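Take a look at the structure set out below.
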Amino acid sequence: MSNNKKYILVIDVGNTFIKIGVFEKNSEKSSKIILIPTEKKINKKLLTSKIKEIINFNITDAIIGSVVPEVRYFFKTLIFNIFKLDPYFINEETKFSFFIEENSKKEIGDDLLALAEYCVKCNDTAMGISFGTATAAIYLQNKKLKGVSIAAGLGFGLDKLVEKASLLVKSKIDKFQLISYGDNTISSLESGINNLRKGFALSLYNQIKKENPNKKIFSLITGGEAFKLGEDKIFDYEINYEAILIGFKRIYLLNNK
């Protein structure tokens with residue numbers, strides 16, 4: 001590993017996964033991504049071993065996205081012990097490339113702020129959708145965060161349905177089938193997931209387009225449940241599974257020049 005290159009460590013603590021990304025300071029293509037299932041109790045031994053996997057990178061900076069005090073303290077201590085760095089956390093003084101009301105800044109999760117930071121650099125007016133444990137979307141207009149929409153995640157909803165229906169076998173259901181309707185129980189469920197994913201995205205896009213009829217709207221899809229919205233071209237969108245990590249990296253660089 002060349003020591004001439006400087007790397008930023010980005011950690012996003014989500015409801016389902018802890019995502020660890022290593023990025024060169026001058027690149028938005030990750031050099032390494034590590035996914036660790038999020039548990040109610042911090043698995044300190046596992047997380048320490050995973051962080052040590054990147055010890056050969058010349059980590060000079062770090063940012064962590066999490067609103068949980070225990071997680072913040074653990075990672076702050078761990079990163080300092082391994083890399084001798086104080087990681088950056090989003091706070092009331094954090095600057096963004098978009099405008100956000102002070103009250104909203106306190107209420108919106110770090111991951112959605114990072115999602116907005118990624119999107120606003122792509123276009124002044126944009127929407128970003130993260131399909132994960134929750135389905136969450138942000139809407140930017142003229143570099144202002146206009147609002148957020150959150151619903152239960154597709155995978156979460158499917159898990160609850162399978163729990164209630166004893167004859168359903170989760171392993172047989174392909175959440176990424178692009179079918180409009182099914183002819184048996186499994187394909188009908190796959191159709192429902194596809195239509196929910198597509199319907200959420202298209203409904204949000206149509207509302208934003210109505211408010212901005214003459215503007216180009218950048219649309220992003222990300223998250224562990226992200227996938228194509230179908231074979232028909234309902235609107236232009238980008239799929240980037242690392243968008244939130246990149247957003248955190250951009251926030252760090254904006255605040256640590």
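As the structure is a computational prediction, the values presented were derived from the model and not from experiment. Atoms considered below: every heavy atom in the structure, side chains included; atoms not considered: hydrogens, waters and symmetry mates.
F80 carries K84 over the face of its six-membered ring, with the cationic atom under 6.0 Å from the centre and within 45° of the normal.
A donor-acceptor contact closer than 3.5 angstrom is absent between the side chains of S149 and Y139. Between N256 and Y88, the side chains place no donor N or O within less than 3.5 Å of an acceptor N or O (distance only, hydrogens not considered). The closest side-chain donor-acceptor pair between K215 and N142 falls under 3.5 angstrom. In this structure, a donor-acceptor pair under 3.5 Å is present between the side chains of Y118 and N240. For the 3.5 Å distance criterion, the side chains of N206 and S203 fail to qualify, holding no donor opposite an acceptor.
Side-chain atoms of K25 do not come within 3.5 Å of backbone N or O of T60 as any donor-acceptor pair. Between the T77 side chain and the Y73 main chain, a donor and an acceptor come within less than 3.5 Å of each other. No donor-acceptor pair under 3.5 Å is formed between the side chain of N194 and the backbone N or O of E190. For the pair S104 (side chain) and I100 (backbone), a donor-acceptor distance under 3.5 Å is absent. Between the side chain of N184 and the main chain of S187, a donor-acceptor pair closer than 3.5 Å is present. Not a single donor-acceptor pair under 3.5 Å links the side chain of N58 to the backbone N or O of N4. In this structure, the side chain of D12 does not engage the main chain of L245 through any donor-acceptor pair within 3.5 Å.
To the nearest 0.5 angstrom, E225 atom CD is 7.0 Å from R197 atom CZ. Expressed to the nearest 0.5 Å, how far CG of L113 lies from CG of L145 amounts to 7.5 Å. Atom-to-atom distance recorded for Q207:CD and L204:CG is 6.0 Å, nearest 0.5 angstrom. Taking CD1 of I193 as the reference point, atom CZ of F131 lies at 12.0 Å (rounded to 0.5 Å). Remark: E211 CD to I217 CD1 distance equals 9.0 Å, nearest 0.5 Å. Put simply, CD1 on I63 and CG on N255 are 7.5 Å apart, with the number rounded to the nearest 0.5 Å.
Heavy-atom neighbours of N91 CG from other residues, nucleotides or ligands within 6.0 Å: above the threshold of 12. Within a 6.0 Å radius of NZ in K50, other residues, nucleotides and ligands contribute 12 heavy atoms or fewer.
Put simply, the side chain of I244 reaches to within 4.5 Å of the side chain of S130, judged on heavy atoms. Taking the side chain as every heavy atom from C-beta outward, F75 and I18 approach each other to under 4.5 Å. Counting only heavy atoms from C-beta outward, the side chains of F218 and M127 never approach each other to under 4.5 Å. In this structure, the side chains of L140 and T125 stay at 4.5 Å or more apart for every pair of heavy atoms. For the pair F248/I8, no side-chain contact is recorded, criterion being any heavy-atom separation below 4.5 Å from C-beta on. Looking at heavy atoms from C-beta onward, I239 lies out of side-chain contact with T222 at the 4.5 angstrom threshold. The shortest side-chain heavy-atom distance between L112 and V148 falls under the 4.5 Å cut-off. Proximity of I11 to K19: side-chain heavy atoms (C-beta onward) are nowhere separated by under 4.5 Å.
Under the ring pair (Phe, Tyr, Trp, His ring centres under 6.0 Å) criterion, F96 pairs with F98, not counting sequence neighbours. Scored by the side-chain contact (heavy atoms from CB on, under 4.5 Å) test, K32 finds V22, I34, E53, I54, F57 as partners (sequence neighbours excluded). In this view, K198 and D232 satisfy the salt bridge (Lys or Arg N to Asp or Glu O under 4.0 Å) rule, not counting sequence neighbours. Checked against ring pair (Phe, Tyr, Trp, His ring centres under 6.0 Å), F235 has the following partners two or more places apart in sequence or in another chain: Y205, Y237. In this structure, the side-chain contact (heavy atoms from CB on, under 4.5 Å) partners of S49, at least two apart in sequence or on a different chain, are L46. For E238, the salt bridge (Lys or Arg N to Asp or Glu O under 4.0 Å) test picks out no residue, with sequence neighbours left out. The side-chain hydrogen bond (donor to acceptor under 3.5 Å, both in side chains) check on S97 picks up E117, with sequence neighbours excluded. Under the ring pair (Phe, Tyr, Trp, His ring centres under 6.0 Å) criterion, F200 pairs with no residue, sequence neighbours left out. Evaluation of the ring pair (Phe, Tyr, Trp, His ring centres under 6.0 Å) rule for F227 yields F176 as partners, not counting sequence neighbours. For S188, there are no side-chain contact (heavy atoms from CB on, under 4.5 Å) partners, not counting sequence neighbours. Take S30 and apply the side-chain contact (heavy atoms from CB on, under 4.5 Å) test, not counting sequence neighbours, and it matches F23, I33, E242.
The two atoms that bring S180 and S191 nearest to each other are O-OG, 2.7 Å, heavy atoms only. Contact record, A152 with T135: O-OG1, 3.5 Å, taken as the closest heavy-atom pair. When all heavy atoms are compared, the tightest approach of T38 to G14 is OG1-O, 2.9 Å. Shortest non-hydrogen contact noted between L220 and A243 is CD2-CB, 3.5 Å. Taking each heavy atom of N123 and K216 in turn, the nearest pair found is ND2-O, 2.8 Å.
We find that R250 and E28 are joined by a salt bridge, their nearest charged nitrogen and carboxylate oxygen being less than 4.0 Å apart.
Exactly one of I108, I150, L115 qualifies for a side chain to side chain contact (heavy atoms under 4.5 Å, CB included) with I138. That residue is L115.
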Which is it for R72 and I64 under the side chain to side chain contact (heavy atoms under 4.5 Å, CB included) test, yes or no, and what are the steps along the way? CA-CA 8 Å; R72 283 182 170 228; I64 300 171; 5.7 Å; no

Given side chain to side chain contact (heavy atoms under 4.5 Å, CB included), test Y252 with T94 step by step and report yes or no. CA-CA 9 Å; Y252 178 84; T94 298; over 6 Å; no

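Residues in residues 122-146 take part in these salt bridge (charged side-chain N to carboxylate O under 4.0 Å, His left out) pairs, two or more places apart or across chains: E101-K144.
Residues I234 and I208 fall within the same hydrophobic cluster, defined by Ile, Leu, Val, Met, Phe, Trp and Tyr side chains chained together at heavy-atom separations under 4.5 Å. A chain of hydrophobic side-chain contacts below 4.5 Å, direct or via other Ile, Leu, Val, Met, Phe, Trp or Tyr residues, connects Y241 to I129.
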